[in-house]
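Sequence lines set the chain letters: A, B, ... in the order given, protein chains first and strands last, and positions in each chain run from 1. None of the values given here were measured: they were computed from a predicted structure.
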Number of protein chains: 2
Amino acid sequence: MHEAVWAALNDPHRRAVLTLLRQRPHAVGELVGALSLSQPTTSKHLRVLREAGLVRVLPAAQRRIYALDPAPLAELDAWLAPYRALWNDRLDALGRHLDATVTDEQRET
Amino acid sequence: MHEAVWAALNDPHRRAVLTLLRQRPHAVGELVGALSLSQPTTSKHLRVLREAGLVRVLPAAQRRIYALDPAPLAELDAWLAPYRALWNDRLDALGRHLDATVTDEQRET
DNA sequence: GTGGAGTATTCCGATACCAGTATATGCCTA
DNA sequence: TAGGCATATACTGGTATCGGAATACTCCAC
């Protein structure tokens with residue numbers, strides 16, 4: 001997973017763009033309105049997302065339609081994989097604790 | 001998921017710390033060696049991780065043992081959830097395409 | 001080819017971040 | 001309680017990032 005992906009995800013406006021693009025592709029103008037940022041600032045965020053591979057652009061006349069590319073997010077998912085066991089273990093332990101507690105309470109009745 | 005988590009994860013040294021702590025808790029001195037950073041710089045990274053809730057510290061005499069707290073990573077996993085369907089869909093589509101291709105090729109033989 | 005719509009790039013200023021050096025704090029041992 | 005070990009904080013310099021304003025680029029429609 002490349003550094004640019006982490007950096008791109010480290011901004012709330014850019015994450016908001018990803019959320020919007022999850023529904024459907026958007027033209028830049030639509031994103032400008034949704035983010036309440038200036039058009040140049042929005043364009044710059046889109047550039048960061050593009051260079052991280054998180055979005056793809058489809059030119060349509062003078063408009064540019066941005067669409068989500070989830071591939072880097074799949075890499076993020078892979079990065080997360082080794083940690084997943086940790087909170088699963090913790091939940092398992094909680095589960096066993098609760099089971100034991102219930103058993104104890106049942107024994108008490 | 002809080003902003004501090006994204007910011008904390010946006011640094012390679014801090015992610016390296018998480019990787020190390022995945023195996024077992026480490027004292028600060030051990031991390032200094034592993035990261036080849038100065039001790040104060042390492043401490044500062046640990047502060048960022050601590051304030052993001054990604055690590056917990058257990059004082060042991062004059063040493064401080066840092067341990068991973070995976071809870072924020074579970075939140076990251078949850079953040080990722082709505083996107084997971086997207087690359088699954090794409091893989092499904094690829095799968096169907098391959099199936100269809102194989103079927104076609106088999107028809108041709 | 002001129003005009004305008006839509007988007008990207010450039011140029012600032014303010015702030016945040018990362019690394020190091022120097023220094024402070026806390027805790028054990030003798 | 002004096003000394004030393006382990007860690008944290010303060011301060012500083014260099015660089016990156018974010019935002020807006022101004023400007024450049026590109027592509028239709030007329």
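C/dC17 atom P lies 14 Å from atom CG of B/L9, rounded to whole Å. With rounding to whole Å, A/L46 atom CG is found 13 Å from D/dC18 atom P. Rounded to an integer number of Å, the gap from A/R63 CZ to C/dA5 P is 12 Å. Distance, A/N10 CG to C/dC17 P: 9 Å, rounded to whole Å. Summarising the geometry, the separation between NE2 on A/H13 and C1' on D/dT17 is reported as 14 Å, rounded to the nearest angstrom. The CZ atom of B/R47 sits 12 Å away from the P atom of C/dC17 (whole-angstrom rounding). Atom CG in A/D11 sits roughly 14 Å away from atom P in C/dA16 (whole-Å rounding). In this structure, A/H26 atom NE2 and C/dG6 atom P are separated by 16 Å, rounded to whole Å.
Contact check on A/R50 versus A/D69 returns no salt bridge, with no Lys/Arg side-chain nitrogen under 4.0 Å from an Asp/Glu carboxylate oxygen.
At the heavy-atom level, B/P40 lies under 4.0 Å from base atoms of the strands shown. At a threshold of 4.0 angstrom between heavy atoms, the contacts of A/A27 are confined to the sugar-phosphate backbone, with no base atom among them.
Side-chain atoms of A/A61 lie closest to D/dC27 of the nucleotides C/dA22, D/dG19, D/dC27. In the set D/dT7, C/dG26, D/dT9, C/dG26 carries the atom at the smallest distance from any side-chain atom of B/Q62. Distance from the side chain of A/R50 is smallest to C/dA8 among D/dA8, C/dA8, D/dG20. Closest to the side chain of B/K44, from the set C/dC18, D/dT7, C/dC11, is C/dC18. Listed nucleotides: D/dG20, C/dT7, C/dA19. Nearest to the side chain of B/H45: C/dA19.
To the nearest 0.5 Å, atom CZ of residue A/R56 and atom CZ of residue A/R64 are 14.5 Å apart. Separation of atoms CG (B/L9) and CG (B/L49) is listed at 8.0 Å; rounding is to 0.5 Å. Atom CG of B/L76 and atom CG of A/L80 lie 5.0 Å apart (nearest 0.5 Å).
Nearest-nucleotide positions on DNA chain D place B/T42 closer to the 5' end than the other of B/T42 and A/V48. Nearest-nucleotide positions on DNA chain D for A/Q39 and A/R14 put A/R14 closer to the 5' end.
The side chain of A/S43 places no N or O atom within less than 4.0 Å of a non-bridging phosphate oxygen (OP1 or OP2) of C/dT7. Between B/R64 and C/dC27, a side-chain N or O to OP1/OP2 separation shorter than 4.0 Å is absent. In terms of phosphate contacts, A/Y66 brings a side-chain nitrogen or oxygen within less than 4.0 Å of OP1 or OP2 of C/dA8. A close approach under 4.0 Å does occur between a side-chain nitrogen or oxygen of B/T41 and OP1 or OP2 of C/dG20.
For B/R63, the CZ atom is loosely surrounded, since the number of other residues' heavy atoms within 6.0 Å does not exceed 12.
Taking the six-membered ring for Trp and thresholds of 30 and 60 degrees, A/W6 and A/W79 have ring planes more than 60 degrees apart, a perpendicular arrangement.
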